[in-house]
Amino acid sequence: MTDDVPPTSAPVTTSGLAGERAKRLDKVATLRQAGTNPYPYRFDRSHTVAQLREAHGDLEAGQETDERVQVAGRMLLKREQGKLIFATIRERESEVQLFVSKAVVGEEAFAAFADLDLGDWVGVDGTVMTTRKGELSVQVITFQLLSKAVRPLPDKWHGLSDTDTRFRQRYADLIVTESARRAFRIRHEVIASFRRTLHEHDYVEVETPVLHVEAGGAHARPFLTHHNALDMPLFLRIALELHLKRLIVGGMDRVFEIGRVFRNEGVSTRHNPEFTMMELYQAYADYTEMIAITTELITRAAQDATGTTVVDIDGTSVDLAQPWRQAKMTDLTSAAVGEEVHPSMPRPALVAIAERHGVVAAPSWGTGKLVEELFEATVEASLIAPTFVTGHPVEISPLARTDRHDPHLTERFELFVGGRELANGYSELNDPLEQRARFEDEQRAKEAGNAEAGTVDEDYLRALEYGLPPTGGLGIGMDRVAMLLAGVSSIKEVVLFPTLRPEVWE
RNA sequence: GCCCCUCUAGCUCAAUGGCAGAGCAGUGGACUUUUAAUCCAUUGGUUCAGGGUUCGAGCCCCUGGGGGGGCACCA
């Protein structure tokens, strides 16, 4: 749905959106005729609004100073009071009041200020003062319209509640929805915190291709595109893994990337077709170091982004600074179903257990896949406090190293918080012969009809043949960490422009 | 893909199957310390679209569309 009006349409009414827009466009034309550019090129500030508050926030009520300042922001509120106008402007998260007196600015400028609309960007030159009630203000001497808003803002008090509008018109959402600004601020702090932690640990940040000849490193349906000049199909990456491990082979022994990955799957409160992963790889380490750094990254991000390590997970208060539980997938699943579950068991036995728990086994599933499906059906949603689930079956972990104590399992973990998977890591498989065999299993599964299964990546195998040192690897879903720390339940609240069907423009 | 909910003025929301309304925004007026300013007056509607039932549909039914939630999918 669209409320839009073609920009060339003549005003047909005097009210409603079309009328409001026409009125404001009229003001633009009038300003131009008077030689004033309603969209000037620049404005020089002496202070940001935050700096102004920092410098003068302690001024007592009823003070007028000679301190001359130039500040700017978007006008959000205007209170006209006879020969005075009070207006509130916001710049980033800081607001300040403008105090406009007809006696100070003169008739003409006063009328021009009164003619400003909510939503206009304005720059002012004036003196610092406080009102009788103590509100820090700038007594305006001169002002300049910095950009005319020709479309009205949503309700100044209720803001936007229609999610359609909030997600499609994120610009309007950010203007009027404080909680949205907060969520994206937290997201920013989380990513900045991750980078700080990783740089302290001497990781090198790299960028690897988004366009892949083969979409490997995870089980997911890829997006397919086409390169014209080379006349070849290309996939958008579904993971960062395989290129980053090539770099470990090359001697970059601690690397990470924070990047967008793409999975051609359903949209839900937990899934957006494009989302942000952080993956890191560290030579000489195994999965135990990956568990340690996962904890450090997320705990520090919580502290940096929210000022506390205590998070609220669906009404439960959890202190991330407390040790996180660690448990084997087979143990958790066995406990949940009340009998032993392990990928070494005969397949019919596992199929029978699965059916008792409402899991319909596909013919292609081996015992490892059955164990995982049982885990997802009986355990996953109950993992509210942070829990490292370890020991995933080999069948579902084609890039992870076999457990040194159990040939059916891998040295792998996934971190669950609030019933959601946040991270995944393992001791990396570095034996090129075993990796080839695992790839060939994947290839067979794909040929048997599993669209998410991988293929044999010959170049990756060649890299392994040069020698990948013992390596630990980790992937963290940044959107989900942001969700956790922002306390929101939909991924759309932490993705600025979530994937939506296209709007119809009539 | 399936199920449920939802869509009314620019925004936030009302309206037993019986004259489509309020607040904010806008417009006009009053006001030199307001701060969601206040007070008086006031403009503004293809009720998502199309079809049907009915004397009469914003409301009931059908089809389609957008969004949300759930399921499926997503190791």
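Naming convention: chains lettered A, B, ... in sequence-line order (proteins, then strands); numbering from 1 in each chain. These numbers come from a predicted model, not from an experiment. The basis for the numbers below is simple: all heavy atoms, side chains too, and nothing from hydrogens, waters or symmetry mates.
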### Query
Looking for any heavy atom pair under 4.0 Å, which part of the strands does A:E421 touch: base, sugar-phosphate only, or nothing?
nothing
### Query
Taking atom types as they are modelled, is there a donor-acceptor pair under 3.5 Å from the base of B:rG26 to the side chain of A:D117?
no
### Task
Could you tell me whether A:K102 contacts a base, only the sugar-phosphate backbone, or nothing, with contacts defined as non-hydrogen atoms closer than 4.0 Å?
nothing
### Donor-acceptor pair present, A:Q97 side chain and B:rU34 base, under 3.5 Å
yes
### Message
Please classify the nucleic acid contact of A:T269 as base, sugar-phosphate, or nothing, using heavy-atom distances under 4.0 Å.
### Response
sugar-phosphate
### Query
What interatomic distance, in whole Å, is found between P of B:rU16 and the corresponding atom of B:rC59?
13 Å
### Query
Just checking A:K133: base, sugar-phosphate only, or nothing, at a heavy-atom cut-off of under 4.0 Å?
base
### Task
Determine whether any donor atom in the side chain of A:E135 lies under 3.5 Å from an acceptor atom in the base of B:rU35, or the reverse, and answer yes or no.
yes
### Query
Which value, in whole Å, describes the distance between the P atoms of nucleotides B:rA57 and B:rG17?
14 Å
### Message
Taking only the P atom of each, what is the distance from B:rC4 to B:rA37 in whole angstrom?
### Response
44 Å
### Query
Base, sugar-phosphate, or nothing for A:N424, non-hydrogen atoms under 4.0 angstrom?
base
#### Entry: Sugar-phosphate, base or nothing in reach of A:G159, heavy atoms under 4.0 Å
sugar-phosphate
### Between A:F223 and A:F235, ring centroids under 6.0 Å
no
### Task
For atom CD of A:Q326, decide whether the heavy atoms of other residues, nucleotides or ligands shown that lie under 6.0 angstrom number more than 12.
yes
### Message
Tell me whether the rings of A:F413 and A:F388 are parallel (<30°), tilted (30 to 60°) or perpendicular (>60°).
### Response
perpendicular
#### Entry: P-based separation of B:rA49 from B:rU8 [nearest Å]
10 Å
### Query
Would you say A:T410's side chain and A:H392's backbone share a donor-acceptor pair under 3.5 angstrom?
yes
### Task
Consider the side chain of A:D162, meaning its heavy atoms from C-beta on, and name the nucleotide among B:rG66, B:rC11, B:rU12 that approaches it most closely.
B:rU12
### Query
Roughly how far apart, to the nearest Å, are B:rC48 and B:rG65 at atom C1'?
7 Å
### Task
Please indicate whether A:E60 has more than 12 foreign heavy atoms, meaning atoms of other residues, nucleotides or ligands, lying under 6.0 Å from its CD.
no
### Message
Mind checking if A:R79 touches a base, just sugar-phosphate, or nothing, with heavy atoms under 4.0 Å?
### Response
base
## Note on the structure
Which of B:rU32, B:rA36, B:rU12 is nearest the side chain of A:L77? It is B:rA36
#### Entry: C1' atoms of B:rC7 and B:rG58, separation to the nearest Å
11 Å
### Query
Where each residue is assigned the nucleotide of RNA chain B containing its nearest heavy atom, which of A:T499 and A:Y426 is assigned the position nearer the 5′ end?
A:T499
### Message
Can you check the distance between B:rA25 and B:rU42, where both ends of the measurement are the C1' atom (answer in whole Å)?
### Response
14 Å
### Query
Counting any heavy atom closer than 4.0 Å, what does A:I85 reach on the DNA or RNA strands: base, sugar-phosphate only, or nothing?
nothing
### Message
Mind checking if A:T163 touches a base, just sugar-phosphate, or nothing, with heavy atoms under 4.0 Å?
### Response
sugar-phosphate
### Task
Give A:A172 one of three labels, base, sugar-phosphate or nothing, depending on what nucleic acid heavy atoms sit under 4.0 Å from its own.
nothing
### Query
Which value, in whole Å, describes the distance between the C1' atoms of nucleotides B:rU63 and B:rC24?
37 Å
#### Entry: With A:D115, the salt bridge (Lys or Arg N to Asp or Glu O under 4.0 Å) member among A:K148, A:K27, A:R24
A:K27
### B:rA22 - base-pair partner by Watson-Crick or wobble geometry, distances under 3.5 Å
B:rU12
### Query
Can a side chain N or O of A:K492 be found less than 4.0 Å away from OP1 or OP2 on B:rG68?
yes
### Query
Does the base of B:rU12 carry an N or O that pairs as donor and acceptor with the side chain of A:S161 under 3.5 Å?
no
### Query
Touch check for A:R412, heavy atoms < 4.0 angstrom, all strands: base, sugar-phosphate only, or nothing?
base
### Message
Considering every strand and a 4.0 Å limit on heavy-atom distances, what is the contact class for A:F99: base, sugar-phosphate, or nothing?
### Response
base
### Spacing of A:I491 atom CD1 relative to B:rC74 atom P, expressed in whole Å
17 Å
